[in-house]
Participant: 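Quick one: structure below, then a few questions.
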Amino acid sequence: MTTLRKVLKLRTVVSSSAGMALATSSYIAALQIAAIVAGELAWISVLVAGVCCLLAAMCFSELTSQYPTAAGIKLFIQNAWGEKIAIIIGMFYVVLGISMVGAESFVLSKVMTDSITIVNPEVDRAIWLSVFILFVAFINYRGVKIAGTAEDIMTFAMLALLAVISVYTISKAGVDLKAAVASDKFTVANVLNAAGLGVFLYVGFEWVTPLAEETTDYRMIGKGMLIAIGVLCIVYALFSVAVWVGLTPEQRLSGTPIPHILLGRNLFGTPGVLFFVCMSVLASVTSFNAGLLNTSRFTYAMARDNVLPKVFSKLHPDHATPWVSILALVAFALVLSIVILVTGQYLFIIMIAAALECFIYVVMAACVLRLRKKFPDRQTDFRVPLGPVLPVVTGAIFLGLLLGIFAGVTADHTGRVLFPNYWVALVMILFFLLCTLYTLLVVPVFKKKAAEKAATRVKRRPGRSRDAAQGG
Amino acid sequence: MATKDEILEALADYQVQCNNNQRLRRMQRDWSKLIHFNSEDTGDWFTMDVVKGEITAFEPGARGVPDIIVTTLSENLCDMFWGDLNPSQKYLDGEIKVKASQEDVMRLDAITMIIWPDV
């Protein structure tokens with residue numbers, strides 16, 4: 001079989017998967033987890049969430065080995081449940097996923113404002129937030145790509161440094177496990193509740209599936225995801241404990257969205273702050289850049305498939321980038337970020353992202369079961385072991401976590417309720433309904449128009465009549 | 001099922017259409033790739049050289065180590081080269097499989113979109 005000149009190595013698959021998950025908002029999520037469970041035992045919830053994500057990764061691996069394409073998630077659902085459901089879920093997942101930028105840009109702007117003053121904190125936040133989003137928009141618009149090796153080095157360096165600093169913090173501050181175990185916060189319910197939020201830490205690991213077409217062996221994607229989750233598990237478990245023991249009780253209770261900056265200051269003073277500022281900028285830019293790259297390509301493909309207005313398939317005449325899609329998504333991200341900036345409800349977006357991930361993992365587990373039933377003889381390079389047991393368990397776990405998120409409340413570090421999470425459910429249901437209505441009412445209009453246009457188009461291929469023109 | 005000659009005829013037209021389109025040449029001016037097309041139902045292979053956006057050569061058989069491999073039915077290949085098929089739709093349906101980076105997949109689709117915008 002012919003192979004490609006440039007193929008991705010396992011190292012790049014791992015770094016892409018882990019890099020997507022490693023974002024600035026992960027730090028606040030780690031502290032939030034520690035606050036729910038008894039601080040020093042936060043690692044239990046992080047590991048539980050990691051193991052659950054490993055199960056989900058196995059489902060993704062089986063599906064990717066059957067459909068190794070950048071159109072992955074849409075294709076899995078389409079083959080399992082039909083095109084309409086694939087469009088609804090695909091749009092719901094991808095567009096709502098970009099809302100993560102709201103939380104990420106808010107936290108990053110707080111990081112920068114706390115470190116550098118330009119005008120005043122309020123104005124500075126708006127400036128930093130806009131600079132961050134517009135910078136990523138610009139490099140996407142111009143088609144500037146971060147070289148694979150550079151991305152590998154950055155991601156692995158960030159993971160290694162985070163692990164080293166966490167170990168240093170834990171060894172310096174010490175851990176009182178006995179007191180933590182005796183705490184009334186250490187309950188099964190709290191561990192599971194925190195694990196639901198812990199899923200957020202791994203958000204985006206599955207975005208590596210579109211890289212299947214750049215590998216020589218599709219199994220590498222599955223292997224890469226599993227390794228990435230394993231590495232993230234260890235690093236996050238260490239960091240969630242370190243951030244708790246490394247902060248003073250006052251800092252823990254302050255409800256800060258930048259616990260890593262405070263940790264850096266406590267450990268090393270100004271150099272520590274600068275170090276974590278750099279980590280934040282790198283993590284945010286790489287995550288958002290990869291997210292925007294994937295999302296804009298998805299939007300472009302949807303427009304080419306007559307699902308979205310044709311204008312979204314416009315390509316830049318010089319850079320060959322889907323500039324309308326990029327600008328539309330950036331405008332959406334900017335508006336959302338400003339709303340978060342004004343309201344300060346960044347935790348709302350974090351809860352949405354965690355719930356969205358749980359939802360998509362339930363869908364993927366269901367796809368595995370459905371496709372196995374539909375195509376029982378299909379050969380795949382990878383199959384989730386133990387027959388239907390693990391996909392069923394995966395679906396059940398994430399459905400449970402999803403319902404657990406919706407049934408709970410989001411509180412700050414003092415225990416004050418910020419909002420009941422049924423608002424998260426309500427927003428997601430409304431958005432899902434919008435996607436459904438769009439798919440049922442608007443998409444058929446686009447498809448019909450395209451079919452009519454195709455029917456009147458004379459085929460160029462010799463011997464083909466006008467009647468036989470390509471449909472849809 | 002399209003024959004090898006039919007696909008080569010379609011490729012010849014595709015080359016003319018691509019190379020005569022100034023907008024496409026400008027957009028793809030920094031895009032140089034060796035592309036293999038695999039007709040999965042007939043087992044035929046085709047090689048295409050793209051140098052700075054210009055299709056400089058095409059031939060039957062798989063020559064060299066490619067940057068992009070496109071696999072689909074011979075009919076799809078033929079229709080795609082004649083501009084009678086929307087490659088994105090077939091790709092999203094899984095009928096056209098492409099081994100390449102996401103950017104190359106989009107640039108390949110862009111050729112059809114620029115030359116035949118109503119497809």
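Being a predicted model, the structure only gives us computed values, none of them experimental. Within every chain, numbering begins at 1; the chains are lettered A, B, ... in the order of the sequence lines, protein sequences first and strands thereafter.
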Participant: Salt bridge check, A:Arg457 against B:Asp84: does any charged N sit closer than 4.0 Å to a carboxylate O?
Facilitator: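 Salt bridge present between B:Asp84 and A:Arg457.
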Participant: Which answer fits B:Ile68, side chain, backbone, both or neither, if we ask what part of it has an atom under 4.5 Å from a heavy atom of chain A?
Facilitator: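 Backbone of B:Ile68 only, per the 4.5 Å heavy-atom cut-off to chain A.
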Participant: Less than 4.5 Å apart, side chain to side chain, heavy atoms only: is that true for A:Arg460 and B:Gln17?
Facilitator: yes
Participant: Would you please say whether a donor-acceptor pair under 3.5 Å links the side chains of B:Tyr91 and A:Asp305?
Facilitator: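 The answer is no; no qualifying pair exists.
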Participant: Is A:Arg461 salt-bridged to B:Glu9, going by a charged N under 4.0 Å from an acidic O?
Facilitator: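 Not counted as a salt bridge, because no side-chain N and carboxylate O are separated by less than 4.0 Å.
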Participant: Side chain, backbone, both or neither: which part of B:Asp79 has an atom under 4.5 Å from a heavy atom of chain A?
Facilitator: both
Participant: Just give me the residue among B:Ser101, B:Gly94, B:Ser88, B:Ala10 that pairs up with chain A most often, heavy atom to heavy atom, under 4.5 Å.
Facilitator: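 That would be B:Ser101.
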Participant: Who wins among A:Lys453, A:Arg304, A:His319, A:Gln78 for the most heavy-atom pairs under 4.5 Å with chain B?
Facilitator: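 Most pairs with chain B among the choices: A:Arg304.
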Participant: Counting only heavy atoms not in B:Lys4, do more than 12 sit closer than 6.0 Å to its NZ atom?
Facilitator: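 Open: at most 12 neighbouring heavy atoms sit under 6.0 Å from NZ of B:Lys4.
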Participant: Output the option from B:Lys97, B:Gln28, B:Met27 having the highest count of non-hydrogen pairs under 4.5 Å with chain A.
Facilitator: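 So the answer, after comparing B:Lys97, B:Gln28, B:Met27, is B:Met27.
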Participant: With a 4.5 angstrom heavy-atom cut-off, is it the side chain or the backbone of B:Asp30 that approaches chain A, or both, or neither?
Facilitator: neither
Participant: Examine whether an atom of B:Ala110 lies under 4.5 Å from a heavy atom of chain A, and if so say whether it belongs to the side chain, the backbone or both; otherwise answer neither.
Facilitator: both
Participant: Just verifying a value: how many Å separate A:Leu315 CG and B:Leu24 CG, rounded to the nearest 0.5 Å?
Facilitator: 10.0 Å
Participant: If you count heavy-atom pairs under 4.5 Å with chain A, which of B:Trp116, B:Phe81, B:Trp31 comes out on top?
Facilitator: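 Max contact count across the listed options: B:Trp116.
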Participant: For a salt bridge (Lys or Arg N to Asp or Glu O under 4.0 Å) check, start with the C-alpha distance between A:Asp318 and B:Arg29, then their side-chain angles and the critical distance, and finish with the verdict.
Facilitator: CA-CA 8 Å; A:Asp318 285 322; B:Arg29 66 188 181 282; 3.5 Å; yes
Participant: Rounded to the nearest 0.5 Å, how far apart are CE of B:Met106 and CZ of A:Arg297?
Facilitator: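 CZ of A:Arg297 is found 4.5 Å from CE of B:Met106.
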Participant: Tell me whether A:Phe375 at atom CZ has more than 12 heavy atoms from other residues, nucleotides or ligands lying less than 6.0 Å away.
Facilitator: yes
Participant: Can you check side chain to side chain contact (heavy atoms under 4.5 Å, CB included) on A:Leu293 and B:Glu103, steps first, answer last?
Facilitator: CA-CA 10 Å; A:Leu293 191 82; B:Glu103 191 201 341; over 6 Å; no
Participant: For B:Arg107, which atoms come within 4.5 Å of any heavy atom of chain A: side chain, backbone, both, or neither?
Facilitator: side chain
Participant: Around atom NZ of A:Lys374, are there more than 12 heavy atoms from other residues, nucleotides or ligands closer than 6.0 Å?
Facilitator: yes
Participant: Any side-chain heavy-atom pair from A:Met302 and B:Leu92 closer than 4.5 angstrom?
Facilitator: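 The answer is yes, as the side chains (C-beta and beyond) meet within the 4.5 Å cut-off.
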Participant: Quick check for you: among A:Ala86, A:Pro462, A:Ser313, which has the greatest number of heavy-atom pairs under 4.5 Å with chain B?
Facilitator: A:Pro462
Participant: Please look at B:Asp104 and chain A and tell me whether the side chain, the backbone, both or neither of the residue comes under 4.5 angstrom of a heavy atom of that chain.
Facilitator: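 Neither part.
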Participant: Should B:Met113 and A:Tyr300 be marked as a side chain to side chain contact (heavy atoms under 4.5 Å, CB included) after you check the CA-CA gap, both sets of side-chain angles, and the distance that decides it?
Facilitator: CA-CA 12 Å; B:Met113 198 183 69; A:Tyr300 164 85; 4.0 Å; yes
Participant: Who wins among B:Ala100, B:Cys78, B:Pro87 for the most heavy-atom pairs under 4.5 Å with chain A?
Facilitator: B:Ala100
Participant: Do B:Pro117 and A:Lys310 come within less than 4.5 Å of each other through their side chains, counting heavy atoms only?
Facilitator: no
Participant: If you count every heavy atom of other residues, nucleotides or ligands that lies below 6.0 Å from A:Lys84 atom NZ, does the total exceed 12?
Facilitator: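 For A:Lys84, atom NZ is not crowded (no more than 12 foreign heavy atoms under 6.0 Å).
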